[in-house]
Amino acid sequence: MNLILIFVGGVLVNNFVMNRFMGICPFLGVSKKTETAFGMGMAVTFVITLASVITYFVRQLLVSLDIAYMQTLAFILVIAVLVQVVELVLRKLSYALYQALGVYLPLITTNCAVLGATILNVDNGYNLVQSAVNGFGASIGFTLAIVLFSGIREKMELSDLPEWMKGFPGALIGAGLMAVAFSGFKGLI
Amino acid sequence: MRETVKLGIRLMLFALVAALMLAVVNGVTADPIAKNENRKMNASLVAVLGDYLFEPLEGDLTGYDKITAVYAAKDDAGATVGYAYELSADGYGGEIKLSAGVRDGAVTGVSVSSHTETKGLGTSAQDTFLAAFQGIAANPDAAFGVDAMSGATVSSNAIRSAVSQALQHANEVLGMAGAGGGTTPPVETAPATEPETDATTGATTEAAATAETEAAEEPAADATTAATAATGAAGVKEG
Amino acid sequence: MDWQKLRAAFTNGIIQENPTFRLVLGMCPTLAITYQASNGIGMGLATTFVLVFSNLVISLLRKAIPEKIRIPAFVIIIATFVSIVEMVMHAYFPALYDTLGVFISLIVVNCIIFARAESFAFKNPPLVSIMDGLGMGIGFTLAITLLSCVRELLGSGTVFGTSFMPEWFEPMAIAVQPAGGFILLGSTLAVVTGLIARSQRKKEAAK
C-alpha cells in the first residue's frame, strides 16, 4: 500500500477528527487558542507516532503468545506510559508549553485518536513502516484540524453570539461546517 | 526508589489479576467467536454461489497472492456445481476481504465480506459495482471491463484485480473455459447495472423475462444483492 | 441504607449532570456511531456496563490504590472491563460488534468513565458509586439514542429500521455523515442549553 496514500489519507481524506470522529474531546477542549492548539498537536504527534511503532511490536508479542485478547489493555498501558514520558520531557524542555497545556496533557491518554490509530493499524494489517506512517498521518491530520478550528473559535469569541449558542453548541456547529469542507476531499485519491 | 518499586509491584499485581480475568472470559468466549467468524466467512461464499456445501480445495496458490482460499461448491448429490474464491485485496485503507463465485464459465457474483470503513456515501454505488460482475465471462480480462466506482478508484481496482486473479486461477488451474461464449447463465439485470452486457442487448428483454422466471435458479445473484446490501451498509472505503 | 442519596446519585447522571448534554463528555462515540438508533442503544448499554463495574471495583479498591498510581490503576481496571465487553459482544452479538467496530475498544478512553472514576468512585463507597455509574450510563444511553433517532430519521427516513417518513421525504444523507453529526449535536446542545437557561431565568423571576 502506497505510503503516501496512507499519509494523505490520514491527513485529508480520512481525517481522524473530521471523518473518523476521533480525538473530539481535546479537539473541543484545547482549541480556544491557536498556540495551545498547535502545542497539543505536536505533543499528540509525538505520542501517536511512537505509540504506533511500539504497539506494532507489542501486537507481535501478544499474537505469538496467543493472548491477542489482551490487546486493548496492553495498548492503553503503553500509551499511558508514553504520555507520562512526554509530560516529563516537556516539563524540562518547555515549561511554558507544559503550563499552557495544563490538565490536557495527561488527557492525551484518553485521546481516542491515539488508541484509535494504534487499533486501526492492527485492523488494517499494516507492517511497521505503514503503521508509523499511518500514525504520523493521523496526528498531522489531528493537528491540522485542531489548529484550523482554533482559528475559527478565536474569531467566534469576538463575535456576538446569542446566549444559547455560546460555547459548545456554536463550536460544534462550526466544526460541522468544517467537516463539510473536509468531506470535499473524498475522491481526492 | 523503594517507594517506586513498591508502587510498581502493586500495579503489576492489578495487571496480573486483570490478565487472569481476561483469560477466563476469553476461555468462555473464544469458541463462539471462532464460530461467528467462520459463519461470516462462509456467508460470503453462500452469497456468491448459493447454499451449497463448500469444500476447500487443496492446491498450490503460489503466484496467486490475492487468493486466500478456493472452495468447490457441491450440491446434495456431491457433484461440483461451481467454485468459490476467498480473496484479499489491498483496498484504499487496508484489506478488503471479498469472495467471488464462478460457474459454467461465468462469474456468478462478487461480494465484499469485510473492509475497514468509515460511514460514507455510495452504498448503492458499491451494490451497482458488485452487481456488474455478475454474468461476465470467466476470463481474467473481463474483470477489468467493469466500470469502477467513481471516487473509489483504488478500491475498485483492488476488487477488480482480485476477481481477475481468481478468474485466472479458474482458467489455468481448474481448467474452466472462460472465453466470451460458452454457457452464460441468464443475466440478472440488477436495477442500475452498467450496460456491460450490451453484447446481448437484443436478447436483454428476453433474458430479463427468463431471469424473472428462473429467479429460483439464481439464488446466488439474489443473495449477492441482498448480502452486498447488508455488508454494504458501510460502503467500500472511498479512495 | 441512605435511599435518598442513592436515588440522587442515580438521577444526577440522567438529568442534572447528563454526561452528553451537560458535561459534554464522551463526544467521540456520540458523534461517530449515532447514525443508527440501534447503535445508540448498543453502545450506551456497553458503556453503562463498563461504567457500573469499573465504578464498583474502583470504589471497592479505593483504599488499596495509592494516589500516585491511580491513573494507571484506573486504566487497568477500565481496560479489563472493556475487553470483557468486547469479547462478549464478539461472541454473542456479532452484528452489533461489526457495526460498532473500533469504537467498542475506544470505550476505554471514553472520558465519561475516567471522569467518574476520578471524581466519584475513588472517593465514595461502592453502593452509591454503582448508582452513579448506572445513572451516568443510562443518561448517556438516553442521550445518544435520542441523537441517533434524530439522525437516522433525517438521514435515512427510518427509526430502528422501520420507516417513519412520508413518501415524498428525501433523506438528508448529510445527517448520517460526520458533518451532520457535528451540526445536529451542536443544535441539540443549543436547544438544551437554551431551555435550561430559560427555566433558570423563570426561577429567578419567580423568586
Side-chain angles (χ1 to χ4, degrees), chain A residues 14-15 17-29 69-77 79-81 83-84 106-120 122-123 161-183 186, chain C residues 21-22 24-34 71-87 90 101-115 174 177-198 201:
Chain A
N14 268 303
N15 185 289
V17 180
M18 295 277 104
N19 291 90
R20 293 201 209 239
F21 285 129
M22 298 193 196
I24 303 288
C25 286
F27 175 72
L28 292 176
Y69 56 84
M70 299 274 286
Q71 180 179 294
T72 311
L73 183 56
F75 279 18
I76 189 71
L77 279 176
I79 295 173
V81 169
V83 171
Q84 285 286 89
L107 281 182
I108 296 182
T109 318
T110 58
N111 184 334
C112 326
V114 184
L115 185 62
T118 55
I119 295 185
L120 283 176
V122 171
D123 282 351
L161 289 172
E163 187 187 318
W164 44 270
M165 278 278 267
K166 281 216 170 88
F168 280 121
L172 281 169
I173 297 186
L177 294 173
M178 250 184 90
V180 175
F182 265 85
S183 65
K186 273 198 158 59
Chain C
F21 292 131
R22 304 290 285 145
V24 196
L25 291 175
M27 290 287 105
C28 292
T30 309
L31 288 163
I33 53 98
T34 48
I71 301 286
F74 291 170
V75 168
I76 294 179
I77 295 173
I78 298 175
T80 309
F81 287 112
V82 172
S83 299
I84 293 181
V85 167
E86 248 182 293
M87 287 191 263
H90 198 179
V102 66
F103 283 95
I104 302 179
S105 308
L106 288 180
I107 295 180
V108 74
V109 287
N110 187 322
C111 325
I112 304 178
I113 308 186
F114 252 95
I174 197 172
Q177 277 160 42
F182 278 115
I183 297 180
L184 281 170
L185 179 62
S187 321
T188 321
L189 259 175
V191 168
V192 170
T193 324
L195 287 174
I196 294 183
R198 195 138 47 104
R201 255 176 289 152

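Letters A, B, ... mirror the listed sequences (proteins, then strands); counts begin at 1.
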Closest non-hydrogen atom pair between [X] and [Y], with its separation:
X: A:A175; Y: C:F182; answer: CB-CD2, 3.6 Å
X: C:A179; Y: A:G176; answer: CB-O, 3.5 Å
X: A:T110; Y: C:F114; answer: CG2-CD1, 3.6 Å
X: C:G186; Y: A:P169; answer: O-CB, 3.5 Å

Looking at chain A, which one of C:L25, C:L184, C:V192, C:I183 has the largest number of heavy-atom pairs inside 4.5 Å, strictly under? C:I183
Nearest-0.5 Å distance, [atom1] of residue [X] to [atom2] of residue [Y]:
X: A:Q84; Y: C:I71; atom1: CD; atom2: CD1; result: 8.5 Å
X: A:I173; Y: C:L189; atom1: CD1; atom2: CG; result: 9.0 Å
X: A:L73; Y: C:I76; atom1: CG; atom2: CD1; result: 6.5 Å
X: A:R20; Y: C:F103; atom1: CZ; atom2: CZ; result: 9.0 Å
X: C:C28; Y: A:L115; atom1: SG; atom2: CG; result: 10.5 Å
X: A:M18; Y: C:L31; atom1: CE; atom2: CG; result: 9.5 Å

With sequence neighbours excluded, residues passing ring-ring contact (aromatic ring centres under 6.0 Å, His included) with A:Y69: none
Run the ring-ring contact (aromatic ring centres under 6.0 Å, His included) test against A:F182 and tell me which residues pass, sequence neighbours left out. A:F185
side-chain contact (heavy atoms from CB on, under 4.5 Å) partner of C:V109, chosen from A:T109, A:I76, A:N111: A:I76
Turns out that what part of C:M87 lies under 4.5 Å from chain A's heavy atoms comes down to side chain
Which of A:C112, A:A80, A:G116 touches chain C most, by non-hydrogen pairs under 4.5 Å: A:C112
Using heavy-atom distances under 4.5 Å, tell me whether A:I119 contacts chain C through its side chain, its backbone, both, or neither. side chain
Honestly, the part of A:L28 sitting under 4.5 Å from a heavy atom of chain C is side chain
